[in-house]
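Written out below as C-alpha cells is the structure these notes cover.
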2 protein chains.
Amino acid sequence: MHHTLQLYLNKMINNNKIVEYIRRSVSLTDEEAETFSVAFKEVKIKKRQFIVQPNFVVKNRNYVLDGAFRAYVVDDNGQDSTIAFAIEDWWITDYNSYILQKPATMFVVALEDSIILEISYEKEQALKNENHKFETFFRIRAERTAAFMQQRIISNLTQSAEERYQDFISKYPQIVQRVPQYALASYLGMTTEFLSRIRNKKANKNS
Amino acid sequence: MHHTLQLYLNKMINNNKIVEYIRRSVSLTDEEAETFSVAFKEVKIKKRQFIVQPNFVVKNRNYVLDGAFRAYVVDDNGQDSTIAFAIEDWWITDYNSYILQKPATMFVVALEDSIILEISYEKEQALKNENHKFETFFRIRAERTAAFMQQRIISNLTQSAEERYQDFISKYPQIVQRVPQYALASYLGMTTEFLSRIRNKKANKNS
DNA sequence: CAAATTTCCTAAACTAGATCATTTTTAACC
DNA sequence: GGTTAAAAATGATCTAGTTTAGGAAATTTG
C-alpha cells in the first residue's frame, strides 16, 4: 500500500480511539467528534524519552494510544517516587503543572516505545469554551481522577505494604507485567528490596 | 429585631458566601448567582452528628459555612483513618459515593456545632445541564480537588511522619488548632502516640 | 460542680519495612 | 554475540513508627 495513504489510515483509526473514549462519557454528533479529534496531535515517543520534566510548565495532556509511561518525583535525597503509570487508553501528565500552568515537579518518561495523542492547554481551553459537552467531558475526567486518587490515599493509610501490592495486582494485572519492579515498589510506597521479598515469599509458598 | 426577619437576613448573608465562592472561579450575572444560591439549603449540624454514613448513597455535596468536619474510614481492625477535614469555606462529602452515586464507605462527622449549605446530586446535575458556567465551576472544583489529592499522595510517598506533620502545620495552622490530635495523626498516617512524641520533642527543644 | 468520658502523655517492648552490601539475573548496545 | 550496564534477589543489620499499658488532663454532661 502507498506509504502516505497508510499513514492517513492509521491516523483515522487512532483518532477513532479518542472519539470512542469521549463518547463513553458524552454523546457527540459526528461534527463534534471531528472537532474534538483534530485538537489532538499524534506523537511517537521512544523508550526512555521524557515528555515532562521538572521546572518547565507542562503544555500538554496526553492520551496513550500505545506503550507505557511512568510519572515520578525525585526528592532531596535522590530517591524517586512513582506518582502514576499509564498504558493504552489512560491519560498522563503532571496534573498540577498542567491545570494550574505552573512549573512541573515531575518527570514523565516512556517505559516502552509509545504513541500518544497530545492536546495543548490552549486547545483544551478552547474546546471547553466553545461547547458545553467538552466542558462536561473534562469535568467528568477530573472527577474520576479525584475519585481514583482518593482510593489511593485510603489504600496508603489503611493497608500494609503486602496488602497494597496484592490489591494492585488484582486491580491492574496488565500494568504489573509491563513496569520495572523498582517503579512499582516506589508507586506502592516501599523499597524494591521489600517488594522482591513479598514476591518471593509468595513464590515459595506456591511451590 | 423581628425573629423571622433576622432569619431571612442571615440566609441572605450566607447565600452571599456561596455566591462569593463561585465568583472566584466564574463570573455570574445577578440572576445566575440567584439560581445558584437557591439550589443550596442551609442546615445546622450538632457536634458529633453524622452527615455521611457507610452503606448509604450520599445525597449531598456540602459547603461549610461555620464549624468543622472530619471524614474517615474504619478498617477491618477497627482502626480509623481520616480522609479529609473541612472548616469554613471548604467542601466535604464522601466524594466517591457522591459522584458515582454508589454506597458510601466513609463517615463524615461534625467536630463542632456547625452550619453547612448542602446541594443535592439532582440539583447539581440540573445546574450543570442548564448553564455552561455552572459546569465550568464544578469542573474547576474537581480539578482542584484532584490537584490537592495528588499533593497528599506525594507527601505520603516522600516524607517522614515528622515532615508530614511540619508540612501540615505550616499549610493549615487553623485546622491544627481545631481538630483532636488522634484525628490529625490518622490523617497524617501515624499513631496518636507517635504524633504526641513528635510534638513534645519539639516543645522540649524550644524550652 | 462532680462524675463520666474522651483525649492526651509517657515509656518500654516490639516489628514492618528500610538500609547496606554482595551476588545473580536480565536487558541494552556496540 | 559478547560486553557492559541495569535490575532483581538475598542476607544481615538497623530504625522509624507501632503496640501495649498505664496514668494525667481536659471536656462533656447530668
Side-chain angles (χ1 to χ4, degrees), chain A residues 46-49 68 70 72 75-82 109-113 155-169 176-207, chain B residues 46-49 67-68 70 72 74-82 85 107 109-114 155-169 175-207:
Chain A
K46 280 270 176 209
K47 183 170 179 171
R48 273 172 246 269
Q49 189 181 330
R70 167 181 178 240
Y72 64 99
D75 68 23
D76 307 330
N77 315 317
Q79 294 221 305
D80 59 78
S81 302
T82 300
V109 70
L111 296 171
E112 310 169 357
D113 289 350
S155 166
N156 283 340
L157 288 175
T158 61
Q159 296 182 299
S160 69
E162 176 154 10
E163 286 167 337
R164 273 175 273 142
Y165 172 66
Q166 296 303 342
D167 221 60
F168 191 91
I169 55 177
V176 179
Q177 317 292 329
R178 288 167 67 178
V179 305
Q181 181 174 82
Y182 67 85
L184 179 55
S186 82
Y187 179 91
L188 295 172
M190 67 186 83
T191 58
T192 182
E193 291 95 334
F194 196 69
L195 178 53
S196 169
R197 266 176 201 127
I198 290 171
R199 283 178 153 167
N200 279 66
K201 194 178 67 180
K202 248 208 118 55
N204 291 341
K205 272 186 195 161
N206 293 347
S207 66
Chain B
K46 279 271 174 208
K47 182 167 180 176
R48 274 172 245 268
Q49 188 182 330
R70 168 181 176 238
Y72 64 99
V74 179
D75 69 23
D76 306 332
N77 315 318
Q79 294 222 303
D80 61 77
S81 302
T82 300
F85 291 115
F107 295 89
V109 70
L111 296 172
E112 309 169 358
D113 290 349
S114 304
S155 165
N156 283 340
L157 288 175
T158 61
Q159 296 181 299
S160 68
E162 175 155 9
E163 286 167 338
R164 274 176 272 140
Y165 171 67
Q166 297 302 343
D167 221 58
F168 191 91
I169 55 174
I175 292 184
V176 180
Q177 316 292 327
R178 287 166 67 177
V179 305
Q181 182 173 77
Y182 66 84
L184 179 55
S186 82
Y187 179 91
L188 295 172
M190 67 186 81
T191 59
T192 181
E193 291 91 339
F194 195 69
L195 179 52
S196 170
R197 224 148 74 189
I198 290 171
R199 283 179 153 167
N200 278 68
K201 195 177 68 179
K202 248 211 119 54
N204 293 339
K205 271 187 194 161
N206 292 347
S207 65

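Here is the naming used below: chain letters follow the sequence lines, and residue numbers restart at 1 for every chain. The structure displayed is predicted, hence computed values, not measured ones.
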Exercise. D/dT19 C1' sits how many Å from B/N77 CG, rounded?
Worked result: 13 Å
For this session: Measure the angle between the two terminal helix axes of the helix from C/dC1-D/dG30 to C/dC30-D/dG1, five base pairs each, and quote it to 10°.
Result: 70°
For this session: Identify the 5'-most and 3'-most nucleotides of DNA chain C with at least one atom closer than 4.0 Å to a non-hydrogen atom of chain B.
Result: C/dT7 to C/dA12
Problem set entry | Point-to-point distance, once rounded to the nearest 0.5 Å, from CZ of A/F194 to CZ of A/R197 | 8.0 Å
Seminar exercise, completed: Those residues at least two apart in sequence (or on a different chain) that pass ring pair (Phe, Tyr, Trp, His ring centres under 6.0 Å) with B/F85 are B/Y187
Exercise. Looking at CG of B/D80 and CZ of B/R70, how far apart are the two atoms once the value is rounded to the nearest 0.5 Å?
Worked result: 4.5 Å
Exercise. Just how far, in rounded Å, is P of D/dG17 from CD of B/Q79?
Worked result: 16 Å
Exercise. Does D/dT27 have OP1 or OP2 sitting under 4.0 Å from an N or O in the side chain of B/K47?
Worked result: no
For this session: Please name the pair of heavy atoms, one in A/I169 and one in A/V176, separated by the smallest distance, quoted to 0.1 Å.
Result: CG2-CG2, 3.4 Å
For this session: With sequence neighbours left out, write down each residue that passes salt bridge (charged side-chain N to carboxylate O under 4.0 Å, His left out) with B/E112, or none if nothing qualifies.
Result: B/R178
Problem set entry | Residue whose nearest DNA chain D nucleotide is more 5′ - B/F194 or A/F194 | A/F194
Quick test: give all pairs of protein nitrogen or oxygen and nucleotides 6-9 of chain D nitrogen or oxygen below 3.5 Å, distance rounded to 0.1 Å.
| residue | atom | partner | partner atom | Å |
| --- | --- | --- | --- | --- |
| D/dA7 | OP1 | A/Y182 | OH | 3.2 |
| D/dA8 | OP1 | A/Q181 | N | 2.8 |
| D/dA8 | OP2 | A/Q181 | N | 3.3 |
| D/dA8 | OP2 | A/Y182 | N | 3.1 |
| D/dA9 | OP2 | A/Q181 | OE1 | 3.0 |
| D/dA9 | OP2 | A/Q181 | NE2 | 3.0 |
| D/dA9 | OP2 | A/S196 | OG | 3.1 |

For this session: Return the set of residues passing ring pair (Phe, Tyr, Trp, His ring centres under 6.0 Å) with B/F107 (not counting sequence neighbours), or none when no residue passes.
Result: B/F50, B/Y72
Exercise. Can you tell me how far the CE atom of B/M190 sits from the CG atom of A/L157, to the nearest 0.5 Å?
Worked result: 10.5 Å
Exercise. Is the backbone N or O of A/Q79 less than 3.5 Å from a side-chain atom of A/N77, with the two atoms forming a donor-acceptor pair by type?
Worked result: no
Exercise. Say you draw a straight line from CG of A/L184 to OH of A/Y165; how long is it, rounded to the nearest 0.5 Å?
Worked result: 7.0 Å
For this session: Enter the distance from B/E162:CD to B/L195:CG here, rounded to the nearest 0.5 Å.
Result: 10.0 Å
